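The structure presented is a predicted model; accordingly, all values stated were derived computationally and were not measured.
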Amino acid sequence: MANRIVVDPITRIEGHLRIEVEVKDGKITDAYSSSPMVRGLENIVKGRDPRDVWAFVQRACGVCTTVHALASVRSVEDALGIQIPPNAEMVRNIMEGALYMHDHVVHFYHLHALDWVDVVNALQADPAETSALAQSISSWPKSSPGYFSDIKKRITRFVESGQLGIFANGYWGHPQMKLPPAVNLLAVAHYLEALEWQKEIVKVHTIFGGKNPHPNYLVGGMACAINTESPGGINAERLAYVGRLLKEGQQFVEQVYLPDLMAIASFYKDWGAIGKGFGNYMCYGDFPTNGYADVSSFKFPQGIILDRDLSKVYDVDHRGGDIEEFVNNSWYEDYAEGREAGKHPWDGETNIKYTGPKPPYDSLDVSQPYSFIKTPRWQGKPMEVGPLARLLVGYARGNQEIQELVNGALAQLDVPVDALFSTLGRTAARGLETRLVANWTMEFYNTLLNNIKNGDTRMANTERWEPDTWPADAKGVGFSEAPRGSLAHWIRIEEGKTANYQLVVPSTWNASPRDPKGQRSAYESTLLDTPVADPELPLEIIRTIHSFDPCIACAVHLYDEKGRHISQVQNLSSCDI
């Protein structure tokens with residue numbers, strides 16, 4: 001008999017996610033991914049001015065901030081035939097690059113590292129040994145025995161107080177924790193340092209976009225004016241500050257994040273054979289250097305890989321019928337064409353119809369719809385999106401920069417290429433691409449400075465700003481590579497208003513329920529065959545799910561018309577991490 005394990009909620013993610021698995025003879029034989037969150041942004045923006053939609057849809061998430069605004073303005077620009085100035089393109093790239101650095105570092109240290117790092121075990125570390133280790137893998141200055149001794153004392157105060165604070169509810173002492181005490185202490189020290197560093201890099205968004213989260217964007221370019229002499233614009237002082245922030249971010253990635261990632265990965269090489277999934281990977285491509293329309297200029301190449309075959313890369317078509325969304329296992333009204341029909345996002349519908357169990361409930365009835373997440377497919381096939389997909393597509397496309405980076409990491413860890421298709425590969429890919437993006441972001445910054453020095457200060461193209469310059473009907477698609485994977489917004493514009501709007505986000509691809517053919521999506525597929533040492537402490541489930549960095553959507557609090565809570569859910573499960 002299979003044993004059902006329910007992890008709800010999955011914590012250290014953005015949003016609400018429930019995972020149910022069947023375990024037999026110590027391995028997962030089946031898995032189900034469900035989200036009880038409902039998103040209605042598509043309906044909220046109907047009838048609104050397309051130039052304003054970015055400000056609404058950006059609120060889909062406060063973690064991967066800016067990416068929905070970027071996809072939105074690109075969709076409108078695509079519909080109306082607007083080409084933005086080179087400076088605006090560079091500023092958008094810089095803001096997205098800063099987000100990558102922030103998002104990936106925060107995910108590694110604060111959301112995912114505690115699946116591999118035993119905080120309590122760090123108390124057994126010798127600070128001198130930790131110092132020697134730190135200096136052997138990096139030139140980061142904070143590496144003295146005294147520094148790590150102080151960190152150890154700080155952790156000790158947490159533990160002796162009986163309240164671990166930010167380190168509470170961990171699977172400390174779990175048999176799958178393999179790091180020696182010195183590595184655990186090093187990782188915890190950098191966890192704390194990352195908390196301080198991450199609040200600095202986001203200042204790039206405040207300089208170019210006015211604030212963080214949810215900085216300002218503009219259809220046609222960016223709203224920040226370049227004036228090197230004026231205190232009210234993007235002047236020389238602010239540009240220099242951006243350069244300093246980006247350089248500091250690059251140093252943190254090179255001297256802290258990547259050395260820690262490789263050091264920790266070296267103790268978990270067995271995870272290079274766990275979490276493989278179905279082997280289909282998709283990347284929309286991003287970081288344009290010659291305009292959004294020129295896909296060949298993207299730093300991240302666009303493409304699709306099937307069945308782990310790196311010898312063939314397929315093209316992505318956002319405009320034809322390749323991409324469809326299904327609702328056969330989701331809590332929405334059936335399409336008029338039938339429950340098993342799919343719809344291209346330009347024709348998509350978001351009509352909520354909850355038919356699931358009434359909370360609280362022990363387990364899902366998976367013979368019925370079991371999630372608010374829709375099920376997107378490419379030519380009827382499930383796709384994994386994210387850092388691993390980006391690097392695999394770039395590798396298969398023959399991108400020399402990506403190939404050298406990936407080959408170097410495989411050689412350093414002494415693992416085969418097949419280890420890429422795994423939980424370990426997914427986690428390593430996130431760090432490796434952060435190095436790429438940090439370097440590219442400095443390129444974008446230098447290009448921006450050179451443009452300005454050469455007298456080009458344009459930041460917006462307003463030729464088609466007024467609705468009387470638009471066609472009566474238009475449609476466009478704005479795609480990007482958010483930190484968590486391929487993101488696209490599709491818009492239909494009629495008589496100057498938003499007639500239809502659909503978002504298909506990375507976690508929709510990865511976390512969706514089964515399609516009409518019974519095919520699992522990435523979360524469900526990659527959990528199969530995963531060993532589970534202790535059903536009461538299912539750390540192995542968390543490791544693979546966290547390797548995707550789930551971002552389900554921002555939570556919603558429900559009140560009645562008098563302002564009272566309708567319900568409040570509290571979960572005290574031992575699986576709450």
Side-chain angles (χ1 to χ4, degrees), residues 7 9-19 33 35 37 60-68 96-117 191 194 198 201-202 213 253 257-258 260-261 264-265 268 271 274-275 277 281-284 286 300 373 383-392 420 422-437 480-487 504-512 521-527 539-555 577:
V7 187
I10 300 283
T11 60
R12 283 190 273 122
I13 68 169
E14 198 288 321
H16 302 289
L17 179 66
R18 177 187 182 99
I19 297 293
S33 169
S35 176
M37 295 183 62
C61 181
V63 176
C64 46
T65 185
T66 83
V67 294
H68 289 289
E96 189 174 7
L99 170 65
Y100 265 72
M101 286 187 273
H102 177 271
D103 194 274
H104 286 352
V105 167
V106 167
H107 174 260
F108 178 73
Y109 285 103
H110 308 130
L111 306 180
H112 195 26
L114 301 186
D115 300 333
W116 315 93
V117 174
Y191 175 111
Q198 60 87 27
I201 190 67
V202 297
V253 169
Y257 179 14
L258 277 174
D260 284 357
L261 170 65
I264 292 172
Y268 290 103
W271 279 81
I274 300 172
Y281 302 93
M282 180 171 67
C283 174
Y284 289 165
D286 207 352
F300 278 130
I373 298 177
M383 291 289 144
E384 176 178 331
V385 301
L388 178 57
R390 285 191 284 265
L391 290 195
L392 289 174
L420 291 171
S422 67
T423 296
L424 179 69
R426 207 171 289 113
T427 300
R430 184 171 284 104
L432 295 176
E433 77 166 10
T434 311
R435 167 182 280 173
L436 289 172
V437 172
S480 70
E481 281 296 318
R484 291 160 179 83
S486 300
L487 166 70
V504 183
V505 307
S507 292
T508 311
W509 286 100
N510 290 333
S512 51
S521 297
Y523 288 8
E524 297 181 346
S525 175
T526 54
L527 287 172
L539 173 64
E540 298 88 348
I541 296 173
I542 305 303
R543 281 179 173 172
T544 290
I545 294 299
H546 277 167
S547 73
F548 289 93
D549 191 10
C551 190
I552 307 303
C554 294
I577 188 164

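- A donor-acceptor pair under 3.5 Å is formed between the side chain of Asn510 and the backbone N or O of Val385.
- His68 is listed as a side-chain neighbour of Leu487, based on a closest heavy-atom distance under 4.5 Å.
- With sequence neighbours left out, Glu96 forms a salt bridge (Lys or Arg N to Asp or Glu O under 4.0 Å) with no residue at all.
- Of the possible donor and acceptor atoms, one in the side chain of Ser35 sits under 3.5 Å from a partner among the backbone N and O of His16.
- Applying the salt bridge (Lys or Arg N to Asp or Glu O under 4.0 Å) test to Asp260 and every residue at least two apart in sequence or in another chain returns nothing.
- Asp115 has its side chain within reach of Leu539: a pair of non-hydrogen atoms, C-beta onward, lies under 4.5 Å apart.
- How far CG of Leu420 is from CG of Leu388: 6.5 Å, rounded to the nearest 0.5 Å.
- Counting only distance, with no hydrogens or angles, the side chain of Ser547 and the backbone of Thr423 share no donor-acceptor pair below 3.5 Å.
- Nearest heavy-atom pair across Arg543 and Tyr268 is NH2-CE2, 3.5 Å.
- Residues passing the salt bridge (Lys or Arg N to Asp or Glu O under 4.0 Å) test with Arg430: none are found, sequence neighbours excluded.
- The nearest pair of heavy atoms linking Ser422 to Gly425 is OG-N, 2.9 Å.
- Scanning all heavy atoms of the two residues, the minimum distance from Leu424 to Ala265 falls at CD1-CB, 3.8 Å.
- The backbone N or O of Glu524 sits nowhere less than 3.5 Å from a side-chain atom of Ser33 that would complete a donor-acceptor pair.
- Here the CG atom belonging to Leu527 is positioned 11.0 Å from the CD1 atom belonging to Ile274, to the nearest 0.5 angstrom.
- A distance of 10.5 Å separates CZ of Arg426 from CH2 of Trp271, quoted to the nearest 0.5 Å.
- Under a 3.5 Å cut-off, the side chain of Thr526 and the backbone N or O of Tyr523 do form a donor-acceptor pair.
- Val105 approaches Ala194 most closely through the heavy-atom pair CG1-CB, 4.0 Å.
- Side chain of Tyr281 to main chain of Leu392: no donor-acceptor pair is present (N/O by atom type, distance under 3.5 Å, no hydrogens or angles).
- Here OG1 of Thr427 is found 8.5 Å from CZ of Phe108. Values are rounded to the nearest 0.5 Å.
- Remark: the backbone N or O of Gly431 is paired with a side-chain donor or acceptor of Tyr257 at under 3.5 angstrom.
- The pair Arg484-Asp549 meets the salt-bridge criterion, with a side-chain N (NZ, NE, NH1 or NH2) lying under 4.0 Å from an Asp/Glu carboxylate O.
- One finds the OG atom of Ser507 at 8.0 Å from the CD1 atom of Ile13 (value rounded to the nearest 0.5 Å).
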**Asked** Would Thr434 and Asp103 satisfy side chain to side chain contact (heavy atoms under 4.5 Å, CB included), going step by step from the backbone distance to the final call?
**Response** CA-CA 9 Å; Thr434 311; Asp103 194 274; over 6 Å; no
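- Side-chain contact check for Pro483 versus Leu99: some heavy-atom pair is nearer than 4.5 Å.
- Remark: side-chain polar atoms of Arg12 are not paired, donor with acceptor, to backbone N or O of His546 under 3.5 angstrom.
- Between Leu436 and Leu391 the shortest side-chain heavy-atom distance falls below 4.5 Å.
- Gly275 approaches Thr544 most closely through the heavy-atom pair CA-OG1, 4.4 Å.
- In terms of heavy atoms, Tyr284 sits closest to Ser480 at CD1-O, 3.9 Å.
- Scanning for side chain to side chain donor-acceptor pair (under 3.5 Å) contacts around Glu433 gives His104, Arg390, with sequence neighbours left out.
- Arg435 is linked by a salt bridge (Lys or Arg N to Asp or Glu O under 4.0 Å) to Glu254, counting only residues two or more places apart in sequence or in another chain.
- Looking at residues two or more places apart in sequence or on another chain, you find no ring pair (Phe, Tyr, Trp, His ring centres under 6.0 Å) involving His102.
- With rounding to the nearest 0.5 Å, the separation of OH in Tyr191 from NE2 in His110 is 5.5 Å.
- The closest side-chain heavy-atom distance from Ser486 to Glu481 is below 4.5 Å.
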